[in-house]
Amino acid sequence: LALIQKYAIKWIADFGDPWTGIVYNEMLPRTQATRKKDQQLETEVLKTADCTVVISPGMKEQFADRARKIEVIFNGYDEANFQPVAATNAYSVNREENFTIRYLGNLMASQNTPNLWKAISALRKTNNAKIKLEFTGRVDTEIQNSIQQAGLNDITAFNPFTEQQVAINLTRNASLLLFAIFNLPNSKLVITGKIFEYLASCSEIISFGPTDGDAAAILKTVGRKPMIAFNDYNETLNQLQSTYNYWQQNGHSFKYTDRKFEIFSRRNQCR
């Protein structure tokens, strides 16, 4: 902003996240004066920039009445990391020993999904299901305690962060990927970059968050299973059961063979 005020040059202001509206601001001890100053700076940037780029339709709506010009470019995924998997029986050559549910990355307390832990426990009791729950990254202790209370410690593994390509391979080989938006006010605008890499993995995803949010709209756009409200146990169990049934009947995990998600590659987003 200071440079633009000093020199006659064009400015594209690129927002990789919301500014004053980012969800964790609600958890910070900010004074009223701080909030007001922050809002003034945000508005000045939006009104000054020749174009503002944001990562979601919700952010565009939030900024639209203040920005001179505004465009959406989703974070997307790097297609070089996701070469197409041939639509063959490659996944059924060897029968999978366990139905593996995976989460990769940081999982914060506000992303806890107790109904999923409850549904997994129920499936194990009724179907004697061979399920493995696997986390790669940092998992909040509140979530670890929630998993323990659901009686899932014996099937759960907590692994440290790994290099990117290993993590991508873990998503592609998962039976089911867990995706969770923050269970906080204003989280309808949250998408996260993770969703695009999950989609590109071609694995099934069980997703939790606002059912009318931006992330839910992305799942609908590419024809994936719908977002589940955090308090909807029945839909959680239904989605888990159907994905597990496919694995049990076919001996391998379900994989999407359509390429609808390719609209979210970074190359296509930049186009």
Side-chain angles (χ1 to χ4, degrees), residues 85 87-105 107 111-137 139 143-144 146-159 167-181 194-195 197-209 211 215-216 218-220 222-258 260-261:
V85 177
T88 66
N89 291 326
Y91 290 100
S92 59
V93 173
N94 297 310
R95 186 175 182 87
E96 296 172 3
E97 184 179 352
N98 291 299
F99 179 84
T100 306
I101 304 171
R102 288 197 174 112
Y103 182 90
L104 292 96
L107 194 61
Q111 295 170 280
N112 194 12
T113 55
N115 274 328
L116 178 59
W117 320 142
K118 180 181 174 182
I120 293 170
S121 181
L123 197 61
R124 291 180 76 198
K125 291 175 182 176
T126 56
N127 293 48
N128 196 26
K130 296 181 178 180
I131 297 178
K132 183 179 180 182
L133 190 56
E134 186 177 291
F135 298 89
T136 299
V139 180
I143 295 176
Q144 294 186 41
S146 184
I147 290 169
Q148 183 178 9
Q149 289 166 11
L152 304 179
N153 265 12
D154 61 316
I155 62 164
T156 304
F158 296 101
N159 301 319
I168 287 170
N169 290 338
L170 287 172
T171 66
R172 299 181 84 160
N173 296 327
S175 307
L176 183 62
L177 293 169
L178 168 60
F179 177 75
I181 297 294
K194 185 187 306 296
I195 192 171
E197 295 195 339
Y198 273 16
L199 292 173
S201 75
C202 298
S203 297
E204 192 67 270
I205 308 169
I206 188 164
S207 308
F208 296 87
T211 57
I218 287 172
L219 293 172
K220 186 176 182 180
V222 295
R224 296 301 182 91
K225 289 186 175 179
M227 186 76 73
I228 306 172
F230 279 94
N231 61 356
D232 192 343
Y233 173 74
N234 290 335
E235 180 62 17
T236 302
L237 183 60
N238 288 341
Q239 288 196 23
L240 178 65
Q241 181 82 65
S242 65
T243 311
Y244 180 82
N245 286 348
Y246 180 95
W247 175 85
Q248 188 177 45
Q249 292 163 13
N250 294 276
H252 62 93
S253 304
F254 176 80
K255 301 294 169 183
Y256 287 86
T257 54
D258 65 67
K260 293 179 182 177
F261 62 85

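Just so you know, these numbers come straight off a predicted model, no measurement behind them.
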Nearest heavy-atom approach of Ala180 to Thr113 is CB-CG2, 4.2 Å
What pair of heavy atoms forms the shortest contact from Ala215 to Met227, and how long is it? CB-CE, 3.6 Å
Give a yes or no on whether the backbone of Ile206 and the side-chain of Gln239 come within a donor-acceptor separation of less than 3.5 Å. no
Between Ser242 and Asn238 (side chain of the first, backbone of the second, donor and acceptor by atom type, cut-off under 3.5 Å), is there such a pair? yes
Do Tyr246 and Thr243 touch side chain to side chain, with heavy atoms closer than 4.5 Å? no
Quick one: list whatever passes salt bridge (charged side-chain N to carboxylate O under 4.0 Å, His left out) with Asp258, sequence neighbours left out. none
Once you round to the nearest 0.5 Å, how far does CG of Asn234 lie from CG of Asn231? 10.5 Å
Atom pair CG (Leu177) and CD (Glu197), whose distance is rounded to the nearest 0.5 Å: 11.0 Å
Give the minimum heavy-atom separation between Trp117 and Ala150, together with the two atoms involved. CB-CB, 3.7 Å
Sequence-distant partners of Phe208, ring-ring contact (aromatic ring centres under 6.0 Å, His included), two or more places apart: none
Go through the steps to decide whether Arg102 and Asn173 satisfy the test side chain to side chain contact (heavy atoms under 4.5 Å, CB included), and finish with yes or no. CA-CA 9 Å; Arg102 288 197 174 112; Asn173 296 327; 4.0 Å; yes
Positive for side chain to side chain contact (heavy atoms under 4.5 Å, CB included) with Ile131, one of Leu123, Thr156, Leu176: Leu123
Quick check against the 3.5 Å criterion: does Tyr256 have a side-chain atom that pairs as donor or acceptor with the backbone of Ser201? no
Any side-chain to backbone donor/acceptor pair from Ser146 onto Ile143? Under 3.5 Å, distance only. no
More than 12 heavy atoms of other groups within 6.0 Å of Asp154 CG: yes
Between Leu178 and Leu133, does a side chain to side chain contact (heavy atoms under 4.5 Å, CB included) hold up when you go through it step by step? CA-CA 10 Å; Leu178 168 60; Leu133 190 56; 5.9 Å; no
Check: Gln111 and Tyr103 side chains under 4.5 Å, non-hydrogen atoms: yes
Sub-3.5 Å donor-acceptor pair from the side chain of Arg224 to the main-chain atoms of Leu199, do we have one? yes
For Lys130, is the NZ atom crowded, meaning more than 12 foreign heavy atoms sit under 6.0 Å from it? no
Heavy-atom closest pair (Thr211 atom, Ala216 atom, distance to 0.1 Å) is O-CB, 3.5 Å
When Ile101, Leu104, Asn159, Leu107 are each screened for side chain to side chain contact (heavy atoms under 4.5 Å, CB included) with Phe135, the one that passes is Leu107
Short side-chain donor-acceptor distance under 3.5 Å, Gln148 and Gln144: no
Evaluate side chain to side chain contact (heavy atoms under 4.5 Å, CB included) for Leu240 paired with Phe99, printing each intermediate quantity in order. CA-CA 11 Å; Leu240 178 65; Phe99 179 84; 4.1 Å; yes
Distance-only, no hydrogens or angles: does the Ser203 side chain make a donor-acceptor pair with backbone N or O of Thr171 under 3.5 Å? yes
Beyond-backbone contact of Ile155 with Asn98, side-chain heavy atoms, under 4.5 angstrom: no
Ala129 and Tyr244: which non-hydrogen atoms are nearest, and at how many Å? CA-OH, 3.2 Å
Roughly how far apart are Ile205 CD1 and Phe179 CZ, rounded to 0.5 Å? 8.0 Å
In this structure, CD1 of Ile228 is separated from OH of Tyr233 (nearest 0.5 Å) by 12.0 Å
Looking at Lys118 and Leu237, would you say the former's side chain and the latter's main chain have a donor-acceptor pair under 3.5 Å? no
Are any side-chain N or O atoms of Ser175 and backbone N or O atoms of Thr100, one a donor and one an acceptor, separated by less than 3.5 Å? yes
